[in-house]
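Protein chains get the first letters and strands the later ones, always in sequence-line order, with residue 1 at the start of each. Just so it is clear, the structure is predicted and the values come from calculations on it, not from any experiment.
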There are 2 protein chains.
Amino acid sequence: MSDTKLNNLSKDLYNLMLNLHRKIFNHDEMMKNLPIPPSHVKVILYLKHNGDSSISEIAKNLLISKPNMTPIIDKLVSENMVNRYNDPNDRRILRIELTSKAHEFIKKQEEMIKNTLSEKISVLSSEDLEYLGHHVTGVIDILGKIK
Amino acid sequence: MSDTKLNNLSKDLYNLMLNLHRKIFNHDEMMKNLPIPPSHVKVILYLKHNGDSSISEIAKNLLISKPNMTPIIDKLVSENMVNRYNDPNDRRILRIELTSKAHEFIKKQEEMIKNTLSEKISVLSSEDLEYLGHHVTGVIDILGKIK
DNA sequence: TATTGTTATACTCTATAACTATA
DNA sequence: TATAGTTATAGAGTATAACAATA
């Protein structure tokens, strides 16, 4: 693959991110509408996607410094969104798991986000929606091959 | 267009956002690598996209509270990234414009982001890159019809 | 000696109310 | 009276270094 082709594609991907952000998925707007701070959302979504994890794992992957994990997990525990439990193999490690309340929270928020998306694209013609679906699943399929 | 179709498409769009974020464009990671805080980046990019703007306009559209704009603009001025000037028609209004240094900064950052994107997709086969380009421009074209 | 998680602390970012100057 | 921008201030989020417990 030629370098210019790769460069053009990365330019298109950058434009795709900007367009998605501006037209249908404003990250900041979503976060402001949530009842809990962004760092809590990140931790919950991380656990949902990666399963039970140690505090260090979460911190490393979410780029949150370890000391700041303590108050975040404290609050999530007090809100009954996660539980701490000891790792049976290494007594230094605390593992974090989602509660059923957290799973319900995620489900509800995803519904809200999907409703917002539906609204934004509902102005498109039936034909455009057809094409959009085709191209979106096309991109997802290929991204699935990375990593 | 049937509601179920719209729902499926919004689900796909949600998955597209998640996949883009996880596979090739980690928002937090990008921000951490920048030499200036996120709020400054947002203001600069807003001005790049929307042209000279009043402080209230910027605050409203970026969901930053007005009082917090003062120190942000102060710092950007001291870093020689923006200038303040009076609106000729309304003496209450201060308008903000980007300096040439800011334009260069944006150009450099966009280059870095595109290089990162190139690296991430360079593992794909020539054929997959071809398809990816096709679908990405397809999505961009249709998004262009919104708003 | 290295790693896990915590404490302490200072710094930045943010939200709210109250102020001034212009309209 | 309403709006633009500011000041003051308290709260939330973050980064860094130093520490105790465990490996």
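A side-chain donor-acceptor contact under 3.5 Å links A:Tyr85 and A:Asp52.
In this structure, A:Leu62 atom CG and D:dG13 atom C1' are separated by 15 Å, rounded to whole Å. Rounding to whole angstrom units, CG of residue A:Asp87 and C1' of C:dT4 are separated by 11 Å. One atom, CD1 of B:Ile55, and another, C1' of D:dT7, lie 14 Å apart when rounded to the nearest Å. As rounded to whole Å, 14 Å separates atom P of D:dT14 from atom CE of B:Met31. A:Tyr85 places its OH atom 16 Å from the C1' atom of C:dT4, with the value rounded to the nearest Å. Atom CD1 of A:Ile58 and atom P of D:dT14 are 14 Å apart (whole Å). If you take NZ of B:Lys75 and C1' of C:dT14, they are 12 Å apart, rounded to a whole angstrom. Atom P of nucleotide C:dT4 and atom CG of A:Asn68 are separated by 17 Å, given to the nearest angstrom.
Between A:Lys5 and B:Glu130, at least one side-chain N (NZ, or NE/NH1/NH2) sits under 4.0 Å from a carboxylate O, which counts as a salt bridge.
Between B:His27 and A:His27, the ring planes lie parallel to each other; the angle is under 30°, not in the 30° to 60° tilted range.
For D:dT14, neither phosphate oxygen OP1 nor OP2 lies less than 4.0 angstrom from any side-chain nitrogen or oxygen of A:Lys66. Of the side-chain N and O atoms in A:Thr70, none sit less than 4.0 angstrom from OP1 or OP2 of C:dG5. Applying the 4.0 Å criterion to OP1 and OP2 of D:dG5, one finds that B:Ser56 has a side-chain N or O inside that range. Between B:Lys32 and the phosphate of D:dA15, there is a side-chain N or O to OP1/OP2 separation shorter than 4.0 Å. Between C:dG5 and A:Arg95, no contact under 4.0 Å exists linking OP1 or OP2 to a side-chain N or O.
For the pair B:Leu76 and B:Ile96, the minimum side-chain heavy-atom distance is 4.5 Å or more.
Contact annotation for A:Pro71: no contact, since no heavy-atom pair falls under 4.0 Å across all strands. B:Pro38 comes within 4.0 angstrom of nothing in the nucleic acid, heavy atoms only. Among the heavy atoms of the strands, none lies under 4.0 Å from A:Lys60.
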Start with the C-alpha gap between B:Asn83 and B:Val77, add the side-chain angles, then the distance that decides, and say whether side chain to side chain contact (heavy atoms under 4.5 Å, CB included) holds.
-> CA-CA 6 Å; B:Asn83 295 318; B:Val77 167; 5.8 Å; no
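Checked by atom type and distance alone, the side chain of B:Lys23 pairs as donor or acceptor with a backbone atom of A:Leu143 at under 3.5 Å. In this structure a side-chain-to-backbone donor-acceptor pair under 3.5 Å is present from B:Lys32 to A:Leu63. Between the side chain of B:Ser54 and the backbone N or O of B:Ile93 there is no donor-acceptor pair closer than 3.5 Å.
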If the sugar-phosphate is the primed atoms plus P, OP1 and OP2 and the base is the rest, what is the B/S/- string for nucleotides 18-23 of chain C, using protein heavy atoms under 4.0 Å?
-> ----BS
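You'll find that the side chain of A:Ser65 is closest to D:dT16, out of D:dT16, C:dT4, C:dA15. Residue B:Arg84 has its side chain nearest to D:dT6 when only D:dA15, C:dG5, D:dT6 are considered.
Along DNA chain D, the nucleotide closest to B:Leu94 and the one closest to A:Leu63 are compared, and the more 5′ of them pairs with B:Leu94.
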